[in-house]
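Worksheet: one structure, shown below.
Just so you know, these numbers use all the heavy atoms, side chains as well, and skip hydrogens, waters and symmetry mates.
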Amino acid sequence: MEAALASTGYTAPALHWSPTASEIDEVVWWVVFVGFSFAVALAWATYCRITGGYPEISLTWKGFKVACKSS
């Protein structure tokens, strides 16, 4: 198969994404925001565990949801 494609002059398409500065900036802030939100959720879960409960962390479209259930 490769020989047949090589004889016809086929070359694989090059995938290249050259983002603008504003696109990179948006991605960086999104990663920072999600990371910070997850750190806050982990801190709340740690507090829940220290006070004797057990945390349940879930990711929803509105953000991280932490429920503290008592034993």
Taking all atoms of both residues into account, what is the closest heavy-atom pair of [X] and [Y], and its distance?
{"X": "V66", "Y": "A41", "result": "CG2-CB, 3.6 Å"}
{"X": "P55", "Y": "C48", "result": "N-SG, 3.9 Å"}
{"X": "Y54", "Y": "S70", "result": "CE2-O, 4.0 Å"}

Problem set entry | Rounded distance [0.5 Å steps], CD1 in I57 versus CZ in F38 |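 Going from CD1 on I57 over to CZ on F38, the span is 5.5 Å.
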Exercise. Between OH of Y47 and SG of C68, what distance do you get to the nearest 0.5 Å?
Worked result: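 Answer for the OH-SG pair, Y47 versus C68, is 8.5 Å.
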Exercise. Is L42 linked to I50 within one hydrophobic cluster, defined over Ile, Leu, Val, Met, Phe, Trp and Tyr using a side-chain heavy-atom separation of less than 4.5 Å?
Worked result: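 L42 and I50: separate clusters.
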Exercise. According to a 4.5 Å side-chain heavy-atom criterion applied to Ile, Leu, Val, Met, Phe, Trp and Tyr, with indirect links allowed, do V40 and V32 form part of one hydrophobic cluster?
Worked result: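 No.
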